[in-house]
Amino acid sequence: MATDSSNDAPKSVFDFAVKDAKGDLVDLSTYKGKVLLIVNVASKCGLTDSNYTELNQLYDKFKNQGLEILAFPCNQFLEQEPESSDKIVDFVCTRFKSEFPIFDKIEVNGENSAPLYKFLKAGKYGIFGDEIQWNFAKFLVDKDGQAVDRYYPTTSPLSLERDISQLLGI
């Protein structure tokens, strides 16, 4: 099997640029030195209320200590995120008062999977290779931009506090 020895191959999440909900390109290197929780989200999922509520609680608790939550809307699971980016942001900010960044809608599985998600699923050591199971799968990324853990959609965001604290060094 051939390996890609190209220096252009991404080595961390900080090597990616993604569109935010307004369509502006965001260089993820702006988050260097932060711990990231990257989540594929949906507005019409049975897990929506509990996840957004707990993600907000995590963000409020750790945002000033170096945590950033990056939310990526995805409509691949029973079309539970059918709205436009503007409507998604309005929903999240109005209903849940979320302050963390919401990005442009993406695909997380299949041949059109966003490059960031292809990288996250591959993981530093290829340990996260399977497909995303559902809305609200969570990747915990260390300050070096490496996915260090992946949590199932049904995993409560608040149950990640210990792992986040360890990566933040608190």
Side-chain angles (χ1 to χ4, degrees), residues 1-41 51-52 54-74 76 85 89 92 98-153 155-170:
M1 186 167 103
T3 58
D4 183 1
S5 60
S6 166
N7 289 335
D8 294 338
K11 294 176 179 53
S12 80
V13 299
F14 305 132
D15 293 333
F16 291 90
V18 294
K19 287 186 179 179
D20 66 14
K22 296 176 195 151
D24 296 327
L25 206 56
V26 176
D27 189 335
L28 294 185
S29 68
T30 60
Y31 296 109
K32 274 187 180 174
K34 291 188 177 255
V35 170
L36 305 177
L37 186 60
I38 299 176
V39 187
N40 62 300
V41 297
N51 269 272
Y52 271 119
E54 291 187 18
L55 288 168
N56 284 339
Q57 292 170 350
L58 275 181
Y59 194 63
D60 288 344
K61 183 170 185 173
F62 293 112
K63 67 182 175 187
N64 293 329
Q65 292 151 341
L67 175 69
E68 195 61 64
I69 295 173
L70 309 182
F72 288 89
C74 178
Q76 283 188 286
S85 291
V89 169
V92 173
S98 298
E99 296 176 8
F100 48 81
I102 308 291
F103 290 86
D104 198 22
K105 196 184 306 186
I106 62 165
E107 290 189 15
V108 297
N109 289 332
E111 68 179 54
N112 295 322
S113 178
L116 172 62
Y117 265 79
K118 288 179 182 176
F119 178 81
L120 288 170
K121 290 188 292 185
K124 189 172 182 180
Y125 302 106
I127 56 176
F128 303 127
D130 57 330
E131 295 290 287
I132 302 297
Q133 304 90 345
W134 197 251
N135 304 306
F136 296 100
K138 302 154 194 76
F139 285 93
L140 189 59
V141 176
D142 66 16
K143 293 177 183 181
D144 296 322
Q146 300 301 318
V148 295
D149 220 332
R150 175 175 168 176
Y151 305 92
Y152 286 102
T155 301
S156 157
L158 292 180
S159 72
L160 311 183
E161 280 191 49
R162 184 169 176 240
D163 294 345
I164 291 167
S165 292
Q166 286 178 330
L167 288 179
L168 291 171
I170 53 176

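For clarity, every value in this text was computed on a predicted model and none was experimentally measured.
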K.L.:
Calculate, to the nearest 0.5 Å, the distance between atoms OG and CG belonging to S12 and D144 respectively.
P.N.:
8.0 Å
K.L.:
Side-chain donor-acceptor pair under 3.5 Å between S156 and E54, yes or no?
P.N.:
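Their side chains do contain a donor-acceptor pair, which is all the 3.5 Å distance test asks for.
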K.L.:
Could you check L25 against V18 for side-chain contact (heavy atoms from CB on, under 4.5 Å), going step by step and ending with a plain yes or no?
P.N.:
CA-CA 5 Å; L25 206 56; V18 294; 5.9 Å; no
K.L.:
Would you say that V41 contacts P73 through its side chain, given a criterion of any heavy-atom pair below 4.5 Å between the two side chains?
P.N.:
yes
K.L.:
Does some side-chain heavy atom of F72 sit less than 4.5 Å from a side-chain heavy atom of L116?
P.N.:
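Yes. Closest side-chain heavy atoms under 4.5 Å.
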K.L.:
Ignoring hydrogens and angles, state whether a donor on the side chain of Y117 or N109 is under 3.5 Å from an acceptor on the partner side chain.
P.N.:
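Result is no, nothing qualifies.
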K.L.:
Any side-chain heavy atom of V141 within less than 4.5 Å of one from V148?
P.N.:
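No, their side chains stay 4.5 Å or more apart.
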K.L.:
Does some side-chain heavy atom of L160 sit less than 4.5 Å from a side-chain heavy atom of L37?
P.N.:
yes
K.L.:
Rounded to the nearest 0.5 Å, how far does CG of L36 lie from NZ of K138?
P.N.:
15.5 Å
K.L.:
If you define the side chain from C-beta out and look only at heavy atoms, does anything of N40 sit under 4.5 Å from F136?
P.N.:
no
K.L.:
Identify the heavy atoms of P153 and N135 that sit nearest to each other, and give their distance.
P.N.:
CB-O, 2.9 Å
K.L.:
Distance-only, no hydrogens or angles: does the K121 side chain make a donor-acceptor pair with backbone N or O of V108 under 3.5 Å?
P.N.:
yes
K.L.:
Are side-chain heavy atoms of F139 and F119 found at a separation under 4.5 Å?
P.N.:
no
K.L.:
Is the shortest heavy-atom distance from the side chain of Y31 to the side chain of P101 under 4.5 Å?
P.N.:
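Y31 vs P101: side chains touch.
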K.L.:
Quick one: NZ on K61 to CG on L67, what's the gap to the nearest 0.5 Å?
P.N.:
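Between K61 NZ and L67 CG, I get 11.5 Å after rounding to 0.5 Å.
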K.L.:
A side-chain contact here means heavy atoms from C-beta on lying under 4.5 Å apart; do F62 and S165 qualify?
P.N.:
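F62 reaches S165 side chain to side chain.
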K.L.:
Looking at NZ of K22 and CG of D104, how far apart are the two atoms once the value is rounded to the nearest 0.5 Å?
P.N.:
12.5 Å
K.L.:
Does D24 use its side chain to pair, donor to acceptor, with the backbone of D20 at less than 3.5 Å?
P.N.:
no
K.L.:
Between N56 and E99, what is the shortest heavy-atom contact and its length?
P.N.:
OD1-N, 4.4 Å
K.L.:
Closest approach of D142 and F14, non-hydrogen atoms and distance?
P.N.:
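Closest approach of D142 to F14: O-CZ, 4.3 Å.
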K.L.:
Got a second to check how far I106's CD1 is from K19's NZ, nearest 0.5 Å?
P.N.:
13.0 Å
K.L.:
Is the closest side-chain donor-acceptor distance between Y59 and E68 under 3.5 Å?
P.N.:
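The criterion, which ignores hydrogens and geometry beyond distance, is satisfied for E68 and Y59.
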K.L.:
Is D27 reaching over with its side chain to a backbone N or O of S29, donor-acceptor style, under 3.5 angstrom?
P.N.:
yes
K.L.:
Are there over 12 heavy-atom neighbours, none belonging to K63, within less than 6.0 Å of that residue's NZ?
P.N.:
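Counting neighbours around NZ of K63, more than 12 heavy atoms of other residues, nucleotides or ligands fall under 6.0 Å, so yes.
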K.L.:
As an exercise, state the distance from CZ of R150 to OG1 of T155, rounded to the nearest 0.5 Å.
P.N.:
11.0 Å
K.L.:
Please report the closest heavy-atom contact between A21 and S85, naming both atoms and the distance.
P.N.:
O-CB, 3.2 Å
